[in-house]
Protein chains: 2
Amino acid sequence: MKRDSRLSGVLHVLLHMAQQPGPFTSETLARAMATNPVVIRRIMAGLRDLGYVGSEKGHGGGWTLACDLSKVTLRDVYAALGSPSLLAMGNRTEAPGCLVEQAVNAALDQAFGDAQALLLSRFGEVTLAMLGDDLRKRVGSRKLQGMSAHGA
Amino acid sequence: MKRDSRLSGVLHVLLHMAQQPGPFTSETLARAMATNPVVIRRIMAGLRDLGYVGSEKGHGGGWTLACDLSKVTLRDVYAALGSPSLLAMGNRTEAPGCLVEQAVNAALDQAFGDAQALLLSRFGEVTLAMLGDDLRKRVGSRKLQGMSAHGA
DNA sequence: CGATCATGTAACATATAAAGTTACATGAAA
DNA sequence: TTTCATGTAACTTTATATGTTACATGATCG
């Protein structure tokens, strides 16, 4: 399978939105991410359903942030995407009759479970506000070099 | 992307081989795993190159174990497969000019890196011999119920 | 030596899932 | 009522694992 970059993408969108007042059209956000407006709507749908963002149709419509950035973690955003698979590997057969495969599965599941739990835990420790703070630092140090946030 | 089950598959093969003296043809191993002989050869190629198994052509040929099972870990086997991606998720762009994406990548890379490191560490703690021991326990308890290792 | 067996490998086919695209319906504002 | 923007279905493209066919290579058996 292709590598899933939806979390990366939706975080990019949210952080862009946090930099200035909205609303933002899917068209605008898509241009900023070099992708298609429909892709934006797709990855934002879950966040809208959970109330993290709002969307309005028609003139002056678009997407707006609708949550406290210091309260929403990467784990919340991940869940809003539908909690897609975290690991690229898995067992050949989930409930095998073969004891050999059961032994292999048991060992792998232990390791897989630990890694998934750690990843989710790390996601839970990072809020969108923290990402924003980090971004501000990066902008600050780049300004010292006379470059803009999107500068080459 | 489809879930990668090569590690699961190759461990299954190795553990089957450890249960009785070889050699085993790709044909035989493929039947035990409900797959194709070429798939067996493919996932075993890396292990052969590293000397964990041997292969012989012609009459009486096939695959044989060629390592100390108590010395080879799941991590070694994983490496022999070519160290395929562990995580199903990744960043949209690896080296972005956009500072927003850099901030997102930094946060995600931290979490991804931790999870990968933990997974590799867990793999490194489990030897093939340990899998064999676990299998023997499973066979033992199933025998108490009057069933065979491949029983329904 | 020649037939058979088994691996080695390239080439092609299939399956799955993300990402991108097109088309059109829905609804809000000018 | 025209225009704008989202909502969504359907289709295409791309990437990757898996499965399959075909054939070359080399070893053993007769």
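Within every chain, numbering begins at 1; the chains are lettered A, B, ... in the order of the sequence lines, protein sequences first and strands thereafter.
- Nearest-nucleotide mapping onto DNA chain C: of A:Val38 and A:His59, the residue sitting toward the 5' end is A:Val38.
- Electrostatic pairing of B:Lys137 and B:Asp133 does not count as a salt bridge here, judged by no charged N lying under 4.0 Å from a carboxylate O.
- Counting heavy atoms from C-beta outward, A:Leu29 and A:Thr35 have side chains that stay 4.5 Å or more apart.
- When hydrophobic clusters are built by joining Ile, Leu, Val, Met, Phe, Trp and Tyr residues whose side-chain heavy atoms come closer than 4.5 Å, directly or via intermediates, A:Leu69 is grouped together with A:Leu7.
- Taking atom NZ of residue A:Lys2 and atom C1' of nucleotide D:dT13, one finds them 7 Å apart after rounding to whole Å.
- With hydrogens and angles ignored, a donor-acceptor pair closer than 3.5 Å exists between the side chain of B:Lys57 and the base of D:dT25.
- Nucleotide D:dA15 holds its C1' atom 13 Å from the CG atom of B:Asp4, rounded to whole Å.
- Here the P atom of nucleotide C:dA18 and the CG atom of A:Leu86 are 12 Å apart, to the nearest Å.
- Listed for the A:Ser26 side chain is no donor-acceptor partner under 3.5 Å among the backbone atoms of A:Arg41.
- Of the two residues near DNA chain D, A:Arg92 and A:Thr25, the one whose nearest nucleotide lies more 5' is A:Thr25.
- If you measure from atom CG of A:Leu81 to atom P of C:dA17, you get 17 Å, rounded to the nearest angstrom.
- Using cut-offs of 30° and 60° on the angle between ring planes, the pair A:Phe112 and B:Phe123 is perpendicular.
- Here B:Gly62 lies in heavy-atom contact (under 4.0 Å) with sugar-phosphate atoms only.
- Separating the CH2 atom of A:Trp63 from the C1' atom of D:dC4 is a distance of 15 Å, rounded to the nearest angstrom.
- When the side-chain nitrogen and oxygen atoms of A:Arg3 are compared with OP1 and OP2 of C:dA18, none of them lie within a distance under 4.0 Å.
- Residues from residues 40-54 of chain A that place a heavy atom under 4.0 Å from any atom of DNA chain C, listed by number: A:Arg42.
- Rounded to whole angstrom, the span from the CZ atom of B:Phe24 across to the P atom of C:dA6 amounts to 14 Å.
- Around atom CD of B:Gln116, more than 12 heavy atoms belonging to other residues, nucleotides or ligands sit under 6.0 Å away.
- Within the structure, every side-chain polar atom (N or O) of B:Ser55 is placed at least 4.0 Å from both OP1 and OP2 of C:dT7.
- The interatomic distance linking B:Glu56 (CD) with D:dT25 (P) rounds to 19 Å, in whole Å.
- One interatomic measurement links the two molecules: CG of B:Leu87 to P of D:dA15, which rounds to 20 Å at whole-angstrom precision.
- The side chain to side chain contact (heavy atoms under 4.5 Å, CB included) test with B:Val77 singles out one residue from B:Val126, B:Val10, B:Ile43, and that residue is B:Val10.
- Between A:Thr35 and the phosphate of C:dG20, there is a side-chain N or O to OP1/OP2 separation shorter than 4.0 Å.
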